Amino acid sequence: MATPLEKWVEEQARLTRPARIHWCDGSDEEARRIVEIGCREEKVNGQPVFQELNPDAFPYSYLHRSHPTDVARTEHLTFVCHPDREEVGPNNNWLSPEAARSRMRVLTDGCMAGRTMYVMPYLMGHPDSPYARACVQLTDISYVAVSMRIMTRMGRPALERIGGSDDFVKGLHSVGDFNPERRFIMHFPEEHFVWSVGSGYGGNALLGKKCFSLRIASWLARSENWLAEHMIIIGIEDPRGRITYVAAALPSACGKTNLAMLESTLPGYRIWTLGDDIAWLHVGPDGRLYALNPEAGFFGVAPGTSLRTNPNMVKTLQAGRFYPTLFTNTGLDVSRNAPWWEGLDETPNPRLDWQGRPWKEGAGPAAHPNARFTVSAQNCPTLSPEYDNPAGVPISAIILGGRRTSVAPLVLQSRDWLEGVCLGSIMGSETTAAAIHQVGQLRRDPMAMLPFCGYNLGDYLGHWLRMGESLKEPPAIFFVNWFRKDGGGDFLWPGFRENIRVMKWIIERTAGGQGNGAAETPIGLVPERSAVNLDGLDLAPGAWKELTAVDRNEWRAEITTGREFLAQFGDRLPTRVREGLDRLDRNLG
Ligand code: GTP
Ligand code: SPV
Ligand code: MN
């Protein structure tokens with residue numbers, strides 16, 4: 001008797017008609033064989049899927065050049081398909097499940113002809129964790145098959161968890177012909193199913209990541225009283241050896257991976273990495289909030305990564321422990337056969353750009369601004385011993401933030417959970433190259449979840465309020481902004497490794513030092529200059545004042561724009577958020 005899993009795979013194969021079906025075991029040996037196929041047989045846009053890089057520079061590493069139209073998430077082609085449009089909310093593109101299915105069937109019919117279908121059983125979360133979920137993704141390209149091995153726990157433990165049941169998250173993926181006109185990422189929350197065609201790009205194609213662990217998982221989390229968030233998880237160790245765990249949400253390409261691996265410039269402090277993109281947060285038996293990272297690797301932004309900014313990531317990329325590491329759409333330093341991107345080091349010559357063309361001075365960046373690496377968490381020198389803890393780690397502070405040239409201070413502590421949720425509901429950030437849209441436009445991105453909350457965002461804010469009530473003592477909520485600029489367009493704050501100075505203030509605030517070091521503003525608390533260690537920093541005169549300024553007029557305008565954004569959620573917006581924002585507005589005078 002065929003199991004539900006076998007039957008489902010057969011059904012998808014009847015539709016997609018692959019030449020071969022390969023069931024993945026997630027082994028090292030298998031990954032090497034699939035990479036070999038990507039180097040020798042498979043092509044994207046006329047180029048091999050993988051090109052081996054110099055192992056002396058980057059061991060176990062391969063360069064992948066994507067289809068030139070397929071370089072970032074495509075939010076306008078991403079849909080949530082549910083019978084009730086209201087449930088899905090204006091924050092998502094909507095289609096009825098029937099309409100979506102018939103559209104996708106046409107695009108998927110025979111799409112794997114001549115290709116191999118990889119069947120990938122995988123877990124999001126540790127095999128011993130009660131919170132882990134079993135999933136199966138099908139794909140027809142080596143790049144996605146190998147990426148999923150890095151980003152998830154693939155193989156036997158997932159098959160064991162599924163057994164003869166139908167209880168697994170399904171993902172059907174095909175790169176199709178890479179035509180953006182025939183590219184869609186469809187989510188079916190009621191069926192725990194994601195159907196994605198036409199893109200091989202991370203968030204569009206690695207369906208365990210944003211599609212399941214945020215969009216579908218957010219539906220599960222709402223009904224099961226937990227949170228699925230676009231957050232990193234880190235432990236901050238102080239000189240006494242005490243570790244405080246925090247979770248931080250920043251929109252795409254706004255500094256999560258850098259913060260997750262930060263190498264402290266303050267003696268005695270260190271960061272332990274647990275996750276760099278996604279957190280699942282549950283209420284523990286003691287009434288505290290516990291966080292775990294469902295992923296097994298990092299899909300990080302390459303440009304800007306260097307020994308100076310993020311030495312731990314460079315070490316991770318060069319560790320050579322877990323096979324393989326992938327570089328996507330970076331430039332190539334031809335003389336060393338090594339990946340290259342803006343900010344890595346001094347300009348080497350000669351080099352090729354991300355499409356493999358000779359790069360010329362003034363011809364724009366060699367690496368695509370959203371060039372990425374895919375690397376196992378096992379390679380990370382700062383990986384926390386608690387990473388594999390099936391229960392997760394207790395969270396003392398939640399950090400929210402964005403990329404703001406002005407208005408938002410370096411750091412601000414909310415007075416309580418409600419005010420934190422209110423400010424989080426209107427938080428703004430300038431758009432980045434992580435998704436296809438105009439870069440640098442200010443948009444409202446509540447909790448950094450605008451592109452990832454799978455259901456009505458008004459309801460989502462209500463869920464946050466309820467979560468606060470389920471907790472014995474909700475974590476303090478902070479807001480950060482590393483990106484404030486001066487009149488001349490230069491960053492006011494050095495950022496990167498120096499962000500430890502802000503993290504130190506944050507953990508001191510959570511450790512009962514509530515009376516000290518903070519100045520009241522109408523929207524929350526900012527640090528006094530004496531409370532933050534600025535030794536050795538070369539801040540411009542007046543920079544600290546500007547960094548911690550909360551301008552009443554700017555913030556009244558901020559709340560007005562925020563309310564306008566929230567108006568689209570109508571009655572779904574919790575009254576308490578509406579009233580909370582009114583109160584903040586009144587505080588601003
Ligand atoms: P996603 O993987 O898209 O979710 O991005 P992320 O939030 O993990 O962002 P990441 O840490 O990869 O940083 C994105 C970009 O912001 C990179 O080019 C970094 O160099 C830059 N960046 C990160 N932290 C800082 C900082 O503290 N200051 C400044 N100025 N830039 C930063
Ligand atoms: C993001 O865009 O937030 C990422 C990369 O982390 S992706 O996997 O494409 O979502
Ligand atoms: Mn992300």
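Side chains included, hydrogens not; waters and symmetry mates left out as well; all remaining heavy atoms used. Everything numeric in this text was worked out from a predicted model, so none of it was measured. Just follow the structure's listing: the first ligand is 1, and inside any ligand the first atom is 1.
- Using a 4.0 Å cut-off to heavy atoms of Pro251, the atoms of ligand 1 that qualify are 7 (O).
- When each atom of ligand 1 is checked for a heavy atom of Arg403 under 4.0 Å away, the hits are 15 (C), 16 (O).
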Residues Tyr201, Phe299; criterion ring pair (Phe, Tyr, Trp, His ring centres under 6.0 Å); working and verdict:
CA-CA 11 Å; Tyr201 174 77; Phe299 179 60; 5.5 Å; yes
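- When the N, O or S atoms of His230 are ranked by distance to the Mn ion (ligand 3), NE2 comes first.
- Taking a cut-off of under 4.0 Å to the non-hydrogen atoms of His230, the atoms of ligand 2 that pass are 3 (O).
- Residue Cys254 has at least one N or O atom closer than 3.5 Å to an N or O atom of ligand 1.
- Residue contact check: Asp277 has heavy atoms under 4.0 Å from atoms 6 (O) of ligand 2.
- The side-chain contact (heavy atoms from CB on, under 4.5 Å) with Pro324 is formed by just one residue from the set Val146, Val375, Leu53, Ile34; it is Val146.
- Nearest protein heavy-atom contact of atom 4 (C) of ligand 2 is Lys210 NZ, 2.8 Å.
- Geometrically, Arg133 does not engage Phe212 in a cation-pi contact, judged by NZ or CZ lying under 6.0 Å from the ring centre and within 45° of the ring axis.
- Between Thr257 and ligand 1, at least one N/O pair is under 3.5 Å apart.
- Residue Gly304 approaches ligand 1 through these ligand atoms, each under 4.0 Å from one of its heavy atoms: 20 (O).
- Proximity of Trp493 to ligand 1 is not established, as no heavy-atom distance is less than 4.0 Å.
- Distance from atom 5 (C) of ligand 2 to its nearest protein heavy atom, with residue and atom name: Arg372 NH1, 3.4 Å.
- Proximity to Asn499 (heavy-atom distance under 4.0 Å) selects the following atoms of ligand 1: 27 (O).
- With ligand atoms numbered from 1 in the order given, ligand 2 contributes 5 (C), 8 (O), 9 (O) to contacts under 4.0 Å with heavy atoms of Phe299.
- Taking distance alone, with nitrogen or oxygen atoms compared against 3.5 Å, Gly203 approaches ligand 2 more closely than that limit.
- The shortest heavy-atom distance from Thr309 to ligand 1 is not under 4.0 Å.
- With hydrogens left out, the protein atom closest to atom 32 (C) of ligand 1 is Phe496 CZ, 3.2 Å, a heavy atom.
- Ligand 1 is approached by Ala253 to a heavy-atom distance shorter than 4.0 Å.
- The distance from ligand 1 to the heavy atoms of Asp277 drops below 4.0 Å at these ligand atoms: 4 (O).
- Near Pro303, with a cut-off below 4.0 Å to any heavy atom, the atoms of ligand 1 are 17 (C), 18 (O), 20 (O).
- Note on ring orientation: taking the six-membered ring where Trp is involved, the planes of Phe327 and Phe373 are perpendicular (angle over 60°, cut-offs 30° and 60°).
- In this structure, His230 has a heavy atom closer than 4.0 Å to ligand 1.
- The distance from ligand 2 to the heavy atoms of Ala434 drops below 4.0 Å at these ligand atoms: 2 (O).
- The aromatic rings of Tyr323 and Tyr62 sit perpendicular to each other, their planes meeting at more than 60°, with 30° as the lower class boundary.
- Residue Gly343 places no heavy atom under 4.0 Å from ligand 1.
- For atom 6 (P) of ligand 1, the choice among Arg372, Lys485, Glu342, Lys256 with the nearest heavy atom turns out to be Lys256.
- Note on ring orientation: taking the six-membered ring where Trp is involved, the planes of His64 and Tyr143 are parallel (angle under 30°, cut-offs 30° and 60°).
- Among protein heavy atoms, the minimum distance from atom 3 (O) of ligand 2 is reached at Ser252 OG, 2.5 Å.
- Counting heavy atoms of neighbouring residues, nucleotides and ligands inside a 6.0 Å radius, atom CD of Gln441 exceeds 12 of them.
- A perpendicular orientation is assigned to the rings of Phe491 and Phe483, their planes being inclined by more than 60° (bins at 30° and 60°).
- Against a heavy-atom cut-off of under 4.0 Å, Tyr201 is close to the following atoms of ligand 2: 5 (C), 9 (O).
- Remark: ligand 1 atoms within the under-4.0 Å shell around heavy atoms of Phe299 are 2 (O).
- A salt bridge links Lys210 to Asp277: one of the charged nitrogens lies within less than 4.0 Å of a carboxylate oxygen.
- The aromatic rings of Phe188 and Trp195 sit tilted, their planes meeting at an angle between 30° and 60°.
- The shortest contact between atom 9 (O) of ligand 1 and any protein heavy atom is with Gly255 N, 2.9 Å.
- Shortest contact from atom 19 (C) of ligand 1 to any protein heavy atom: Asn258 ND2, 3.7 Å.
- Looking at Glu263 and Lys315, a side-chain N of the basic residue comes within less than 4.0 Å of a carboxylate O on the acidic one, giving a salt bridge.
- Of all atoms in ligand 1, numbered sequentially from 1 with element shown, those under 4.0 Å from a heavy atom of Val301 are 12 (O).
- The N, O or S atom of Asp277 lying closest to the Mn ion (ligand 3) is OD1.
- In the displayed structure, Arg443 atom CZ is contacted under 6.0 Å by more than 12 heavy atoms of other residues, nucleotides or ligands.
- Those atoms of ligand 2 with a heavy atom of Lys209 less than 4.0 angstrom away are 8 (O).
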